[in-house]
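Notes for the one structure printed next.
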Amino acid sequence: MITRLYFLRHATAQDRHLPIPDAERTLTEKGLGQARAVARFCERQGLQPQRLLSSPLVRAVETATHFSQHLPDCPRPQVVDWLRLGTPVLHALAELREVVSANSGATADADSLWLVGHEPDLSDLISRLLGSTHPIVRVKKASLTCITVEPHGQQPGQLLWSVPCALMG
């Protein structure tokens with residue numbers, strides 16, 4: 001069974017040089033607009049998450065929440081610690097494989113697993129799923145990337161598309 005994975009990088013957040021903890025940085029007005037734009041794009045394209053997993057960092061949770069609130073019938077995000085910024089790629093990969101394997105019996109869930117996270121972690125995870133130990137993609141803020149994987153197969157996944165928010169209209 002082929003599984004589609006969707007990767008949404010968090011939208012634009014407060015500057016990292018502000019005197020606040022990195023994990024607490026919130027979305028800017030631009031970031032909130034980006035999350036709405038991604039939701040509108042998904043609605044127009046008929047893209048609908050069945051499961052939406054998010055990093056626990058504020059900017060990722062806000063992106064996932066704002067996105068889900070503006071996409072009809074979208075589930076609320078579930079926060080998972082393994083999408084936290086700085087999680088070793090092999091740990092995140094093992095956790096993701098477990099989630100995908102657990103969902104492989106449920107066709108709807110297996111075909112629409114969405115992850116909201118951070119750079120460089122998302123690019124590293126996507127690259128590993130595509131068979132590379134080195135980063136071969138770069139995920140821009142509020143962009144959406146879709147790949148396919150075979151949960152129990154030995155072949156690398158395939159990149160279907162990656163759309164930056166600026167092209168979502």
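Q48 and S112 are not linked by any side-chain donor-acceptor pair at a separation below 3.5 angstrom, with hydrogens and angles left out of the test. With no hydrogens or angles considered, no side-chain donor-acceptor pair links S55 and H10 at under 3.5 Å. A donor-acceptor contact closer than 3.5 angstrom is absent between the side chains of R40 and H70.
For S132 (side chain) and P135 (main-chain N/O), no donor-acceptor pair under 3.5 Å exists by modelled atom type. Judged by distance alone, the side chain of S54 and the main-chain N or O of V79 form no donor-acceptor pair under 3.5 Å. Side-chain atoms of S68 never come within 3.5 Å of backbone atoms of R76 as a donor-acceptor pair (strictly under, hydrogens ignored). Formation of a donor-acceptor pair under 3.5 Å by the R51 side chain with backbone atoms of L113 is not found in this model.
The shortest non-hydrogen separation linking L93 to L129 is CD1-CD2, 3.4 Å. Looking at every heavy atom in both residues, L18 comes nearest to Q14 through CD1-CB, 3.8 Å. Nearest heavy-atom pair, E150 versus I2, reported as atom, atom and distance to 0.1 Å: CG-CD1, 3.3 Å. The heavy-atom pair separating P56 from V80 by the smallest distance is CD-O, 3.4 Å. What you find for Q50 and P75 is that their closest heavy atoms are O-CG, 3.5 Å. Closest heavy-atom contact between P164 and K140: CB-CD, 4.4 Å.
Under the 4.5 Å side-chain heavy-atom criterion for Ile, Leu, Val, Met, Phe, Trp and Tyr, I20 and L32 are members of distinct hydrophobic clusters. Tracing side-chain contacts under 4.5 Å through hydrophobic residues (I, L, V, M, F, W, Y), one reaches L122 starting from V137; they form part of the same cluster. Hydrophobic cluster membership is shared by W114 and F41, with clusters built from Ile, Leu, Val, Met, Phe, Trp and Tyr side chains linked at under 4.5 angstrom. By the criterion of side-chain heavy atoms lying less than 4.5 angstrom apart, applied directly or through intervening Ile, Leu, Val, Met, Phe, Trp or Tyr residues, L52 is not grouped with V61; the two fall into different hydrophobic clusters. Note on F67: it does not cluster hydrophobically with V58, by side-chain heavy-atom contacts below 4.5 Å among ILVMFWY residues.
Rounded to the nearest 0.5 angstrom, D15 CG and R25 CZ are separated by 7.0 Å. Atoms SG and CZ, from C165 and R9 in turn, are 12.0 Å apart once rounded to the nearest 0.5 Å. Of the inter-residue distances, the one linking H134 atom NE2 with S123 atom OG reads 14.5 Å to the nearest 0.5 angstrom. Summarising the geometry, atom CG belonging to D124 is positioned 11.0 Å from atom OG1 belonging to T87; distances are rounded to the nearest 0.5 Å. With values rounded to the nearest 0.5 angstrom, L27 atom CG is found 9.5 Å from R59 atom CZ. Rounding to the nearest 0.5 angstrom, the gap separating the NE2 atom in H118 from the CG atom in D22 is 8.0 Å.
Counted within 6.0 Å of CD on E98, heavy atoms from surrounding residues, nucleotides or ligands total 12 or fewer; the atom is thus considered open. Summarising the local packing, CD of Q158 is surrounded by 12 or fewer heavy atoms from other residues, nucleotides or ligands at distances under 6.0 Å. Counting heavy-atom neighbours within 6.0 Å of R44 CZ, excluding the residue itself, gives a total above 12. More than 12 heavy atoms of other residues, nucleotides or ligands shown are found within 6.0 angstrom of NE2 on H91.
Of the options L125, D121, V139, V116, a side chain to side chain contact (heavy atoms under 4.5 Å, CB included) to F7 is made by L125 and by none of the others. The side chain to side chain contact (heavy atoms under 4.5 Å, CB included) test with T145 singles out one residue from L5, L8, L115, I126, and that residue is I126.
Using a 4.5 Å cut-off on side-chain heavy atoms (C-beta onward), V38 and T63 make no contact. Using a 4.5 Å cut-off on side-chain heavy atoms (C-beta onward), V89 and S127 make no contact.
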Give the C-alpha distance, both sets of side-chain angles, the deciding distance and a yes or no for side-chain hydrogen bond (donor to acceptor under 3.5 Å, both in side chains) between E62 and T26. CA-CA 7 Å; E62 285 184 341; T26 61; 4.6 Å; no

